[in-house]
Amino acid sequence: MAIQKKKKVAAAVAAPEEPKKAVKRPVEASAPTPKKKKKVVAKNGGDVSAKKKKVVKKVKKVTEEEEDPVEKEVSKLQLLDDDDEEGLDRLDFTQQEGSDDDDLRDDYSDDDDDDLPIEKKSAALDKKKEKILKEGEEELQLNIANQATFELPSVEEIENEMKSVPNLEIIKQRISDVIQVLGDFKNRRDPAKSRTQYVEVLKKDLCSQYGYNDYLMGKFMDLFPNGAELLEFLEANDNPRPVTIRANSLKVKRRDLAKNLINRGMNVDPAAEWTKVGLVVYDSQVPVGATPEYLAGHYMIQGLNSLLPVMALAPQPGDRVLDMCSAPGGKTSHIAALMKNSGTLFANDASFDRCRAIIGNLHRLGVNNAVVCNLGGEEFSKIKPNGFDRILLDAPCSGTGVIWKDQSVKTSKDSQDVQRRHTVQRQLILSALDSLDANSPNGGYLVYSTCSVLVEENEAVVNFLLERRHCELVPTGLAIGVDGYTRFRDYRFHPSLSMTKRYYPHVHNIDGFYVAKIKKLSNAKMSKQAVLEMEKEKASVKSQKKKQAAEEAENSEEESGDEEVAQNGNANGKAEAGKKKNKKKGGDDSDDDEDVETAPMKNIGSGARANKKRRNQKKAAAKQAAVKEDDGFNTVGNVKRAKKPTQFKSKVPKRAAARTGAKSVKNRRKKMLAKQQA
Ligand SMILES: C[S@@+](CC[C@H](N)C(=O)[O-])C[C@H]1O[C@@H](n2cnc3c(N)ncnc32)[C@H](O)[C@@H]1O
């Protein structure tokens, strides 16, 4: 019956537009048919429905015979037109079928159907719309009433509730209620309860619903203050991520690997737009870790997240690279592939047992540029300072990004554990940076990553490094990810921390992860701040020297001001003399020489001083001439003598100074004579 009714409606829709078409006429004609039928039935007293069916069949047949397939399509499309009133009728009908809406069923009942004029249909529609609106309004009122009647239990009540077998349905409902209240706290709260009380109740309920301890749930609630997002994250932690593999480009191309695996009964596809080596395995008839391709090292089973830090590191062929925490070697083998098995790759791990896994994987994957070592990462800054072009520090962490793999994380992490990790991570990151060569021609990069979503293990660690060493954050170059925090609750980080990237299971459908890329700026083991201060200090020492030099020049002018030197010197001689004098005062630094040479010039402001300067230059030229004529024995002595009165003026009596000078000249002459004789 339903089909029949639809056809009639369809005919009614199409009729006004193309009244002459064969397709519509039979259906239109069918409208009065039942009337006739009714009469016949009345007369014959036969089976009404059977006859009705016969007639309908006939009509159908005629329609099918006459109907052109193209017209059929046009008619269908007309029916699908949303704005079409009759089309709406059809939609309503479909909805009615399963409903227990008596009014509407009456409107569309078989008996009246054949004679229903368009006005009646329209009225029925209006009635239905009204009803829907009314129902919506009632539902809204019900919701408001529900919200008004939601009563927040105390934490003690909840704890008591948990001592018995908790009713998960009640807890689920309460979680939803509390999240709603917190989302519109001003309007929906119970004035007698504080936000903290709501949050505490929510935390208790979430802990029992999802099986976390208070500490970790508190951390996640801080990370996701939006209740809906928090629930998404918690749900994602209970569901596995897709199985993904990395094609080993040392042995095979991704396309060829995919073909081979499909032939083995694995359903694989390229994993994501941002990777050229990742494949996602939808399902497999064979164990993914035991195919001949796996054993031959054509691929590594890896989460997509683990491709990210290696892509950020961007190792180059020929580089010296350290993977500081390498086991079981997934990222290491990826690094080797990008290095095209050239250069040197140190694969280190503190765990000896896990080093075996590195060796096994590197052999299987055909890596032959690697040295496996078993050291604490902290050692590298001592044994190989400034020794690498690039370093990956995939640090040991709480694993809060991979809870789906290890549900024990939900209850095993507490503040002490996170603090311990934080301490180790800070030691490792300092060591890693100190092992990098800032002067590496195309490197000096450190990538820090964790599979944790906690700020303490991510931004806080990188920020610590920025404060302690001369380095800076650079873009990771990764196409996906959420920016790292620059401020988080009480933490305030360097603004460049926004260049780091965060990944979440519920957002990116990969493991929770963090990636930061750092460029080392100098090999000095000090912070950027300390380097700046050092430079400042250097600059101030320089200016002090200049000042001192200027003062000394003035003093020497004053001393020699009355003794006019009659000799004339050439320009070179003057410059030479000036230079020698300045060299004594300014030290060996050639920059300093220049500065010292120009400094007095800058200070000359009056004619008297310019005269003094000229006189001084003349004097220096005369001394120079004397030096040139000297026999060579007293050159140093002469220069020294000229300076001594200035240098020791206030401390050494003149006579004593003269005696000392004479004595030293005598001694030197003696020595030289002895040498010559020998
Ligand atoms: C996150 S896992 C590394 C995973 C590896 N990068 C990969 O992709 O296959 C952290 C590793 O750090 C190692 N580790 C822990 N403390 C360490 C330390 N102080 N120095 C070096 N390695 C350490 C652990 O044994 C563990 O294998």
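The model shown is predicted, which means the values in this text are computed figures rather than measured ones. Whatever order the structure lists them in is the order used to number ligands and atoms, beginning at 1. We count residues from 1, following the sequence as given.
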Could you list the residues that satisfy side chain to side chain contact (heavy atoms under 4.5 Å, CB included) with R195, not counting sequence neighbours?
-> L182, F185, V199
Which residue pairs pass the side chain to side chain donor-acceptor pair (under 3.5 Å) test when at least one of the two sits in residues 457-467, sequence neighbours left out?
-> S398-E457, Q425-E457, T450-N458, S452-E457, E459-R502, N463-E467
For residues 370-384, which side-chain N or O atoms pair as donor and acceptor with protein atoms under 3.5 Å away, sequence neighbours left out?
unit_1: N374; atom_1: ND2; unit_2: D349; atom_2: O; d: 2.9
unit_1: N374; atom_1: ND2; unit_2: A350; atom_2: O; d: 3.1
unit_1: S381; atom_1: OG; unit_2: E378; atom_2: O; d: 3.4

Are F493 and F488 close enough that their ring centres sit under 6.0 Å apart?
-> no
Counting only heavy atoms not in K276, do more than 12 sit closer than 6.0 Å to its NZ atom?
-> no
First-shell residues of ligand 1 [heavy atom, distance under 4.0 Å] | M324, C325, S326, A327, P328, G329, G330, K331, N348, D349, A350, S351, R354, L375, G376, G377, E378, D394, A395, P396, L428
Examine the side chains of S522 and R469 and answer whether a donor and an acceptor come within less than 3.5 Å of each other.
-> no
